[in-house]
Number of protein chains: 2
Amino acid sequence: MEDQDIRNAGLKVTAPRVKILELLENSEQQHVSAEDVYKMLLAANEDIGLATVYRVLTQFEEAGLVEKHHFEDGYSVYELNKGKHHDHIVCVTCGRVKEFVDETIETRQQKIADEMGFQISEHELVIYGKCVDDDCDLKP
Amino acid sequence: MEDQDIRNAGLKVTAPRVKILELLENSEQQHVSAEDVYKMLLAANEDIGLATVYRVLTQFEEAGLVEKHHFEDGYSVYELNKGKHHDHIVCVTCGRVKEFVDETIETRQQKIADEMGFQISEHELVIYGKCVDDDCDLKP
DNA sequence: AGCGTTAATGCAAAAGCTTCTCATCTATTG
DNA sequence: CAATAGATGAGAAGCTTTTGCATTAACGCT
């Protein structure tokens, strides 16, 4: 039950938090902006303010429930943290985001950080390119 | 002569452009924000507006003279394009930015993009961590 | 169930970074 | 040196995100 996730984060189980978490779990696109979430809530006739969306997403991030990414768009996107780390590949035309994991890259990064005397807290690798999907020209 | 770089970019050789390019070439830190550039210009008694700084940096980026990066700060930083691609490792405490190149990671990325049917236009890898510099606690 | 405490919410205002508007000024070319 | 296309500065405006504050709701205790 996701209510427990919210409680575990030290947060009260409120309607906005439950709705937003549900939404993240059920949404088509796994990478959504605060504005996206807000619009989905409006569409679902939920009376939740944009400020609350931002606050809740930030709290979820601090609690490790979601991850926040900055692609080259000028806004942040959030995705449910499903436990397994992965990197992203973003289509510059249609905006689709896909995920990948590469162990070689992971180990090389660790090695580089070691050599340079850095203790990694996190890392973000994003590849931008043009995808080959037939309908790439239109936004999804 | 850097005037020629500006001319080659199809831009008129004006005082703001020359000053900003000089500044990027001579600055201590190679990664600077628009605000940084603006402050440096003020310090050098140059009467150049912030809007112009943004415009010029954008034009330089389009011309390939500088590269723009988005670290996890909410603002963009620019650096002179010295031709050789590299990735970044950023200290989350003191803000220092270092560069690295790893051929293994580069080739793996290409392979991943190929497999996923993406034609890479660019990519951005940033490692965040804590560096071991003695004076890491203080901002540089 | 009801109450008190403390946190959470909605709204509007504000804050940060970046872009735009527009009147004025300047580099370039002949 | 004049004409012209482009560049500039200042301020306004645009976007995303955060904050202040009065109101409301959740939780623990009885």
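Residue numbers start from 1 in every chain, and the chains themselves are labelled A, B, ... in the order their sequence lines are given, proteins ahead of strands.
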### Query
At what distance, to the nearest 0.5 angstrom, does OH of A:Tyr54 lie from CD of A:Glu35?
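Atom-to-atom, A:Tyr54:OH and A:Glu35:CD are 6.5 Å apart.
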Whole-Å distance separating the [atom1] atom of [X] from the [atom2] atom of [N]:
| X | N | atom1 | atom2 | value |
| --- | --- | --- | --- | --- |
| B:Leu42 | D:dA10 | CG | P | 10 Å |
| A:Leu57 | D:dT18 | CG | C1' | 13 Å |
| A:His69 | D:dT17 | NE2 | P | 14 Å |

### Message
Let's see if you can work this out: which of D:dT18, D:dA10, D:dT16 has an atom nearest to the side-chain heavy atoms of A:Ala51?
### Response
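Nearest to the side-chain atoms of A:Ala51, counting from C-beta on, is D:dT18.
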### Query
Can you check side-chain hydrogen bond (donor to acceptor under 3.5 Å, both in side chains) on A:Glu124 and A:His88, steps first, answer last?
CA-CA 8 Å; A:Glu124 178 128 48; A:His88 297 91; 4.7 Å; no
### Query
How about A:Gln119: does its CD atom have over 12 heavy atoms from other parts shown lying under 6.0 Å from it?
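At most 12 heavy atoms, drawn from other residues, nucleotides or ligands, come within 6.0 Å of this atom.
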#### Entry: Greater than 12 external heavy atoms within 6.0 Å of A:Glu115's CD
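More than 12 within 6.0 Å, yes.
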[Y] backbone acceptor or donor facing [X] side chain under 3.5 Å:
| X | Y | value |
| --- | --- | --- |
| B:Thr93 | B:Lys130 | no |
| B:Asp73 | B:Tyr75 | no |
| B:Tyr78 | B:Phe60 | no |
| A:Asp36 | A:Ser33 | yes |

### Message
What is the first contacted nucleotide of DNA chain C and what is the last, in 5' to 3' order, if contact means an atom lying under 4.0 angstrom from a heavy atom of chain B?
### Response
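Endpoints of the contacted stretch of DNA chain C: C:dC17 to C:dT28.
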### Any A:Tyr54 side-chain nitrogen or oxygen under 4.0 Å from OP1 or OP2 of D:dT17
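Yes.
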### Summary
The contact string for nucleotides 24-30 of chain D, one letter per nucleotide 5' to 3', using protein heavy atoms under 4.0 Å with B, S and - for base, sugar-phosphate only and none, comes out as --BS---
### Message
If you assign each of B:Leu50 and A:Tyr38 to its closest nucleotide in DNA chain C, which residue comes earlier from the 5' end?
### Response
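Upstream on the strand: A:Tyr38.
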### Query
So what does B:Arg17 hit on the nucleic acid, given a heavy-atom distance under 4.0 Å: a base, only sugar-phosphate, or nothing?
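Touches sugar-phosphate only.
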### Task
Looking at every strand, decide which applies to A:Ser33 at a 4.0 Å heavy-atom threshold: base, sugar-phosphate, or nothing.
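Contact class for A:Ser33: none.
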### Query
With a cutoff of under 4.5 Å between side-chain heavy atoms, which Ile, Leu, Val, Met, Phe, Trp and Tyr residues group with B:Val101?
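The other cluster members (ILVMFWY side chains, heavy atoms under 4.5 Å, direct or chained): none.
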### Query
Is any N or O donor-acceptor pair between the side chain of B:Arg55 and the base of D:dG6 shorter than 3.5 Å?
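Absent.
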